[in-house]
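Below is one structure, written out as structure tokens; comments come after it.
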Amino acid sequence: SQSRYARVSQGHIGRARHLATNEAVRNRRNSILAIPAKLTSISSAYSAAAALVDLANEESAAISEELDEKEYEALSTALGKGGGKALKELEKEQKSRATRITRDTLDGALLDLATFYRDVLLVQAGHNDSLINAELTDQIVKMADNSTSHRTLAKMDAIMKARENIQRNGAPLLVMEALMCELIN
């Protein structure tokens, strides 16, 4: 199991530790990697996009909530009753941070999806031995058999373009909907 986390984190020690010690992170990753098999229609693409954005928003809210409360209390205590303007500025910064966390979470999800399609491409090229997502070999082989390497490369390209669009402040749901439509099997 430890080697699995090292493999899927692709050498990123912090991410491997996070996967090994946090069941919620593992569950989220499993949900993300289940998406390709579910993409069979436009409606399933829209559902997958909404679920992915919801996952990112939930993670952002969980992280932000804890940080926001501590920061707000500390600033409020330090400034007393006269800190209204500073507190409003803090709230603005916190909202901006939450947006960044959502975008970073979506970026991580897109990287996980990219590893799935990378594995599909490897199988299509006849290399089943170095899969990142080896626990999904059956699903990966099935997808490889039902597609072409050209189509898999197009899907990987679409994922990279979606990453760029998210980082350029594209509307997360719209970016994810467009991507999921491109990933339909």
Side-chain angles (χ1 to χ4, degrees), residues 1-20 22 24-57 59 102-185:
S1 195
Q2 296 282 342
S3 63
R4 174 181 171 209
Y5 302 131
R7 184 182 69 247
V8 300
S9 65
Q10 300 175 59
H12 190 284
I13 293 170
R15 182 147 194 253
R17 184 177 300 122
H18 204 52
L19 280 165
N22 192 321
V25 171
R26 288 191 303 271
N27 290 340
R28 190 183 80 240
R29 185 173 190 283
N30 291 338
S31 296
I32 292 163
L33 292 173
I35 289 172
K38 295 177 182 177
L39 297 175
T40 57
S41 65
I42 296 291
S43 65
S44 66
Y46 284 120
S47 293
L52 199 52
V53 171
D54 287 346
L55 273 173
N57 286 333
E59 177 155 327
T102 298
R103 291 179 188 285
D104 289 348
T105 301
L106 285 171
D107 188 63
L110 293 175
L111 287 173
D112 283 337
L113 282 174
T115 67
F116 179 88
Y117 288 106
R118 170 222 177 251
D119 288 349
V120 171
L121 191 60
L122 277 176
V123 169
Q124 289 170 330
H127 302 287
N128 296 32
D129 55 345
S130 57
L131 301 181
I132 291 172
N133 303 292
E135 68 281 2
L136 300 173
T137 299
D138 292 345
Q139 184 181 337
I140 290 165
V141 168
K142 182 179 178 187
M143 188 163 290
D145 290 346
N146 292 323
S147 186
T148 65
S149 58
H150 179 74
R151 180 74 183 119
T152 303
L153 283 170
K155 289 178 180 186
M156 292 175 74
D157 188 45
I159 292 168
M160 294 306 128
K161 286 179 183 169
R163 288 185 68 211
E164 289 174 20
N165 289 337
I166 287 292
Q167 295 309 318
R168 290 184 181 152
N169 294 327
L173 185 58
L174 292 177
V175 172
M176 292 301 111
E177 287 174 345
L179 171 63
M180 294 303 146
C181 287
E182 289 190 54
L183 298 181
I184 293 173
N185 298 326

Enumerate donor-acceptor pairs with a distance under 3.5 Å from any side-chain N or O in residues 177-185 to protein atoms, sequence neighbours excluded.
unit_1: N185; atom_1: OD1; unit_2: K155; atom_2: NZ; d: 3.4
unit_1: N185; atom_1: ND2; unit_2: P36; atom_2: O; d: 2.9
unit_1: N185; atom_1: ND2; unit_2: L39; atom_2: O; d: 3.2

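D157 meets the salt bridge (charged side-chain N to carboxylate O under 4.0 Å, His left out) test with K161; sequence neighbours excluded. Residues satisfying the salt bridge (charged side-chain N to carboxylate O under 4.0 Å, His left out) criterion with D54, sequence neighbours excluded, are absent altogether. Evaluation of the salt bridge (charged side-chain N to carboxylate O under 4.0 Å, His left out) rule for R103 yields no partner, not counting sequence neighbours.
Sorted by first and then second residue, the side chain to side chain donor-acceptor pair (under 3.5 Å) pairs with a member in residues 136-152 read Q124-T152; sequence neighbours excluded. Sorted by first and then second residue, the pairs that involve residues 33-44 and meet side chain to side chain donor-acceptor pair (under 3.5 Å), not counting sequence neighbours, are S41-S43, S41-S44.
Here the side chains of L122 and I132 are not in contact, with every heavy-atom distance at 4.5 Å or above.
Note that the CG atom of L121 and the CZ atom of F116 stand 12.0 Å from one another [nearest 0.5 Å]. A distance of 9.0 Å separates OG1 in T115 from CE in M156, rounded to the nearest 0.5 Å. The line from CG of D112 to CZ of R29 is 4.5 Å long, rounded to the nearest 0.5 Å. Atom CG in L174 sits 10.5 Å away from atom CG in N165 (nearest 0.5 Å). Distance CG/N128 to CD1/I140: 9.5 Å, rounded to 0.5 Å. Between the CG atom in L110 and the CG atom in L52 there is a gap of 6.5 Å [rounded to 0.5 Å].
Panel note: side chain D119, backbone N133; a donor-acceptor pair is recorded below 3.5 Å.
Considering L106, D107, V175 as possible partners of R163, the one that fulfils the side chain to side chain contact (heavy atoms under 4.5 Å, CB included) test is D107.
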